[in-house]
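Chain identifiers are assigned alphabetically (A, B, ...) following the order of the sequence lines, protein sequences preceding nucleic acid strands; residue numbering begins at 1 within each chain. The model shown is predicted, which means the values in this text are computed figures rather than measured ones. Reckoned from all heavy atoms, side chains included, excluding hydrogens, waters and symmetry mates.
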Amino acid sequence: MIKQPNVILGNDELLVTMGKKGDIIGFFYPRRDHAQHVEESLACIHTGERLLWTNDNEWNGIQNYVEDTNIVSTKLYHDSGIRISILDLVHPDVPVLIRRFKIQSQKKLSGKFFYYSNFNVGETSKKNSGFCDTDTHLLVQYWQNYHIGIYSQPEFTEWQIGKAMDTIWWTNSKYDMEDGKLQRNKEDIGNINNAAGWDLELEADGANEFVILIGAASSRRLLYKRMQELSKLPLEHIFEKTREHWVMWLSRKQVIKIPGLEEYDNLRQELFNAYNRALLMLYLLNDREYGSFVAAPEFDSNFEKCGGYGFCWNRDAAEIVLALRHSGYPEYCDMFFKWCIQTQLSDGSWFQRYWLNGDIAPSWGNFEYSTQIDETGSTLYAMDVYYRILEGLKKAEFLEEVWVSVLRAAEYLMKRTKSGIHESCMDLWETYYGIFTYTNASIYAGLMGASHLAEENGEAGMARRWKKRAEFIKQATIDRFWLQEGYFAKGVINEKLDKTIDASILGTYVPFGMLSPKDPIEKDMIQFMIDNIRKKLSMSVNHGYGIKRYENDSYINGNPWIVTTLWLSEAMFAFALDLPYEKTSFASTPPTHENSYEKEEIPEEKVKTLTNEGIKCLKWALAGATSTGLLPEQVDQSTGNPAWAIPLGWSGSLILNNILLLDKICRRKAGNSEEN
Amino acid sequence: MVRDLFTFAGFNENSQIVWFKIIYSKEPGSLSLITDFLEKKNAFIMFGHLDNITQKTGEYSVFTELNKDVDPEDFALKIKELEVVNEVEYGISEYGMVYSVDFPLNVIGVRGVMARALTIVDIIKTLNQSAPHAEGLLTFSGLKGGTHAAKYFKSILDLNDSNFANVLAELFKGVGWGILEIECDPRTYEGKIIVKDSFIADVYGESDQPVCAFMSGYFAGYLTEYFGKNISVREVSCKATGKEFCEHIISPAPSGGTSQEYQMRGEMR
């Protein structure tokens, strides 16, 4: 069953995903993509009469992060007057989730507090083994070198290790809780589950606290040691250390000010929060050892409704590391490009997607016709962008490190673009085979980047050759795909020009810069493209307009996407910044959806309009976030709720780009006001 | 469930199946008046059902076979003209396969559905073929059903040692799941259940292993809820394996956790 998280937390070795009511959905250790050890893990209360599962509809919940941290607060309210306040944090140094449950009741309550878990240690329900060490009060479940343990304060007084799905059903820990007492079976094997129990005696308006530690380790000995050491530390100390860890990490960020947004209620603060949240989220999607990123924490590991998200795509990761670089975290670029060098295929291209350790992942792009050439283009492009930002010795070292990889990738792109447009492959949405505007733009950018790097490396001949091909690709793409309606066709599918408007054609401008606003014709093309995407792909959701990927999109109901909406706003902000700078002032009355762009505007007005329209997109994206501020992939078109992959790294990188660009626009305007 | 359901096989092109729900005044002879009228108008009564709504009014649901040329609306109006009749609703079973006056169906207190045995057995077969721990999964699914059934019966009648087995047997027969012969000692919680014509085993086809884990789970849930004590029910003989009937052994579940024998499974299977 697919369950989507509302919040994530973790440290370098552990990634935990949780539902709105504090139920653990995913427990990834030691990597973000593998292994996911939890099927179900949550608390419940036996009132003396019946079990109340904390993820049940009977509870109302509020969940948020403790400001500027990856510490989570979940508050649950039950009609019977029971309240549970859960504080979740992962220790910054060891892979242990610490869960503090504070239980209050308006009425006297004499029952039990249970913590139930169905672990699939090693991501398998087979051949697991579990035991309860009653001397140390540790519940342990293990498979090969994965060991997951539960420890508590106060120590649990009863327990059960049972068969999770078996004909001897009465040993099942989930069932065992129903009568309010556990059978205290100490060990079992196979597909097993476990429960720990405590007496819960509350006077009216009384409260009780239970702290549960769920830890992971590569050996039993290490698990025991970790739990013992942690149990000696007061929770306040761990909380403070964890909070400090996140605040310190955030303190390295590129400072943003975004002045002059007074007319938008609270928007400035919302953007500060979104900026911090995106950074904190991306930290958790990154593998510190390898430098790769999961696109999103996996939530459909059986590929029931999609191909899964818990893998690294070069396309997504290249965007993410550049956004992190611009936000003040260059080390992610260093690590990721090292990973790229290791993972490049023998033909010079990159595979559709990888496990975080660089192994190729399950794929539907195993052939030349089904590969995604844009991923190779994006990687080369990102390498060059990063190189341009570097200074001094670091610049030379980086070039030395990536040069062979650049050469191989560029030659791969040359091989696949002999006619000026790329040979048939799969599109970036991983749905169509053919020739695509977006893919051509990414190849253009990749070859231009490679050309620049070749020039810097003293390889003028190669630089000329690659640049010439890039320019050929640009011309061929414009000649063949630009439509008189004022946008690029999606591409050629089944040997026919597909005129469907696809938001990814924005890639010709942002990020790949195939079109330049400095050229008057191309400037108009960018403007037309922005207008047409806004007009033709807007969907009214959450009192605003989100942008869907393309006309007739049917993937997960064809919802509007955060990615495409923020892509459009990024293009608007970038365009506003690229226009010839004149002294401007922001509109006090933002233009309406209908009237913008309809008449020729002077640059000052144009900047204003673009900025205000971009802000609308930004606000729409933020409205589609989870209660904890995580940006999903999509927004459900009928409910307005976050949809599908949550959180999506690509959405996070785009919000960073957007906020940084808006900050630039606002600062420019503020500087201008000061001048005046 | 059967009370308001009309089912027949076959299809007569010259007639139509029409049901009427007639609310009438409960006076002596009023029902006869209605049935006489139907008979006089050549409405062939296929199935009828009475429900006492209040002390003053009753509900008579009747399935009739009418000639094709009879207008059901007109016919309903004529019924309504009868002095004892207060209200009439009607409906047509266009294809004459399955029809119900009341929607949705109700089976022991909650919504019910009708399905061909094969439909359910296909689910069971698919699970057995493809899902890990299918037997456990089916046991748990059955367990829940049996628990709900016993809870419902406890809420509407005095379920006791003299009737708990008969109630279960009647239910199984009523819903078409099988004919039960139950021997169970309420003092020792031991016994056996013979299932003749189990709908699972009947339709499943030949199998090397017993296939009625869902039913074992159902019995376990029913008995556990009734006795208030965990009861183990396991199928030791199954019609699908070539036996004459299915047999499920009842015993109290061991307390104090999983003992070695359960892990090793030597004695259990």
Neighbour count above 12 (heavy atom, 6.0 Å) for [X] [atom1]:
X        : atom1 : answer
B:Lys154 : NZ    : yes
A:Lys20  : NZ    : no
A:Glu58  : CD    : yes
B:Glu244 : CD    : no

Next on the checklist: Just verifying a value: how many Å separate B:Thr147 OG1 and A:Tyr175 OH, rounded to the nearest 0.5 Å?
Outcome noted: 6.5 Å
Item to check | Point-to-point distance, once rounded to the nearest 0.5 Å, from CD of B:Glu135 to OG1 of A:Thr167 | outcome: 5.5 Å
Enumerate, atom names and distances included, each donor-acceptor pair closer than 3.5 Å involving a side-chain atom of residues 201-208 of chain B, sequence neighbours excluded.
| from | atom 1 | to | atom 2 | distance (Å) |
| --- | --- | --- | --- | --- |
| B:Asp202 | OD1 | B:Lys239 | NZ | 2.6 |
| B:Tyr204 | OH | B:Asn128 | ND2 | 3.0 |
| B:Ser207 | OG | B:Gln209 | N | 3.1 |
| B:Ser207 | OG | B:Gln209 | O | 2.6 |

Item to check | Part of B:Leu143 within contact of chain A (heavy atom distance under 4.5 Å) | outcome: side chain
Checklist entry - What part of B:Ile231 is in contact with chain A, defined as an atom under 4.5 angstrom from a non-hydrogen atom: side chain, backbone, both or neither? => result backbone
Looking at every heavy atom in both [X] and [Y], which two are closest together, and how far apart are they?
X        : Y        : answer
A:Gln183 : B:Pro254 : OE1-O, 4.4 Å
A:Met165 : B:Leu137 : SD-CA, 3.2 Å
A:Ala164 : B:Phe140 : O-CE1, 4.1 Å

Checklist entry - So which residues of residues 176-194 of chain B are in contact with chain A at a heavy-atom cut-off of under 4.5 Å? => result none
Checklist entry - Mind checking which of residues 218-230 of chain B sit less than 4.5 Å from chain A, heavy atom to heavy atom? => result B:Ala220, B:Thr224, B:Asn230
Could you go through residues 193-200 of chain A and list every donor-acceptor pair under 3.5 Å that involves a side-chain atom there, pairing it with any protein atom two or more places apart or in another chain?
| from | atom 1 | to | atom 2 | distance (Å) |
| --- | --- | --- | --- | --- |
| A:Asn193 | OD1 | A:Ser173 | N | 3.1 |
| A:Asn193 | OD1 | A:Ser173 | OG | 3.0 |
| A:Asn193 | ND2 | A:Tyr116 | OH | 3.2 |
| A:Asn193 | ND2 | A:Asn172 | OD1 | 2.8 |
| A:Trp198 | NE1 | A:Pro154 | O | 2.8 |

